[in-house]
Visitor: 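Here you go, one structure.
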Amino acid sequence: MNQPLAGFAPAPVSARMENHGNHMLKVAMQTGNDLLARVGSMVAYEGFVQYEPNPPAVRQIAKDWMTGEGAPLMKCSGDGLLYLADYGANVVVLNLNGDGISVNATNLLAFDAHLTWGVERVKGLAKFAGQGLWNTKISGQGWVALTSRGKPIVVDCGGGEDETYVDPDALVAWSPNLKVKGKRSFKAQSLIGRGSGEAYQMAFSGQGIVVVQPSEDSTDRLRVRG
């Protein structure tokens, strides 16, 4: 291999999912261990990998994604190495050891098909924004890959009485056991946020984490009109 390019070669496989750099996901594919991934996220693969866009099981579970702004999924199966990316976004890999995570649909890159998942509407927000925010809840034993527009920060809510406030347009994911509510900031609305979330925030409390990205691009959110 040309010496200047040698440093970009993939490392030996050590896990089902792992990062190749900050912006690419490497998945070790095995027959019988299918993957659900964002449609259009495949950038390369080795071996024999097949793809089925929007399979019936996904259509049934994700029927509540009521706009075209969501994250249609494809089923990936076979043996080999699969590389995924989302327009250069940072990739965050999680190994769920019986835990769960709630993810904004537009930040969901891939997850093991055997995990339990469903689409849910985030309660307590529509009355503040006039819109609904939908998330995908995933739980079980397996792997999940998220994307972030820039290097994310993971905030530990600490389990105390204090709340953690996040602009909805910067929110990536959170522990599903956290309590969530909306908060209107009338006096500070010109100072907080830069997108559709500038007049309200999401308040999290309880034991768990919140993942926040540095981007506040409202086009990265999955919304429901009306």
Visitor: Taking only Lys NZ, Arg NE, NH1 and NH2, and the carboxylate oxygens of Asp or Glu, determine whether Asp169 and Arg149 approach each other closer than 4.0 Å.
Guide: no
Visitor: So which residues get pulled into Tyr87's cluster when ILVMFWY side chains under 4.5 Å apart are joined, directly or through others?
Guide: none
Visitor: Give me each pair satisfying ring pair (Phe, Tyr, Trp, His ring centres under 6.0 Å) with a member in residues 13-43, each pair once, sequence neighbours excluded.
Guide: none
Visitor: Phe48: what forms a ring-ring contact (aromatic ring centres under 6.0 Å, His included) with it, not counting sequence neighbours?
Guide: none
Visitor: Which residues pass the salt bridge (charged side-chain N to carboxylate O under 4.0 Å, His left out) test with Asp112, sequence neighbours left out?
Guide: Arg16
Visitor: If the condition is side chain to side chain donor-acceptor pair (under 3.5 Å), which residues does Ser148 pass it with, not counting sequence neighbours?
Guide: none
Visitor: According to salt bridge (Lys or Arg N to Asp or Glu O under 4.0 Å), does anything in residues 72-81 pair up with another residue at least two apart or in another chain? List the pairs.
Guide: Glu52-Lys75
Visitor: Does anything in residues 28-47 pair up under ring pair (Phe, Tyr, Trp, His ring centres under 6.0 Å), and if so which pairs, sequence neighbours excluded?
Guide: Tyr45-Tyr51
Visitor: Where is the tightest heavy-atom contact between Cys157 and Gly206, given as atom of each residue plus distance?
Guide: CB-O, 3.5 Å
Visitor: Can you list everything that forms a side-chain contact (heavy atoms from CB on, under 4.5 Å) with Ser41? Sequence neighbours excluded, please.
Guide: Ala37, Arg38, Met74, Leu84, Leu109
Visitor: May I have all residue pairs that pass salt bridge (Lys or Arg N to Asp or Glu O under 4.0 Å) and include part of residues 88-108, sequence neighbours excluded?
Guide: none
Visitor: Is the closest side-chain heavy-atom distance between Leu146 and Val91 below 4.5 Å?
Guide: no
Visitor: With a 4.5 Å heavy-atom cut-off, do Met29 and Cys76 have their side chains touching?
Guide: yes
Visitor: Please round to the nearest 0.5 Å and tell me the distance separating atom CD1 of Ile209 and atom CG of Asp156.
Guide: 8.0 Å
Visitor: Before accepting this row, confirm whether a basic side-chain N of the pair Lys181/Glu163 lies closer than 4.0 Å to the acidic partner's carboxylate O.
Guide: yes
Visitor: Please name all residues satisfying side-chain contact (heavy atoms from CB on, under 4.5 Å) with Asn22, sequence neighbours left out, ordered by chain then number.
Guide: Asn90
Visitor: Should side-chain heavy atoms under 4.5 Å link Ile, Leu, Val, Met, Phe, Trp and Tyr, which residues sit in the same cluster as Val13?
Guide: Met24, Val43, Leu81, Tyr83
Visitor: My understanding is that only residues two or more places apart in sequence, or in another chain, count here; which of them pass side-chain contact (heavy atoms from CB on, under 4.5 Å) with Asn95?
Guide: Trp143
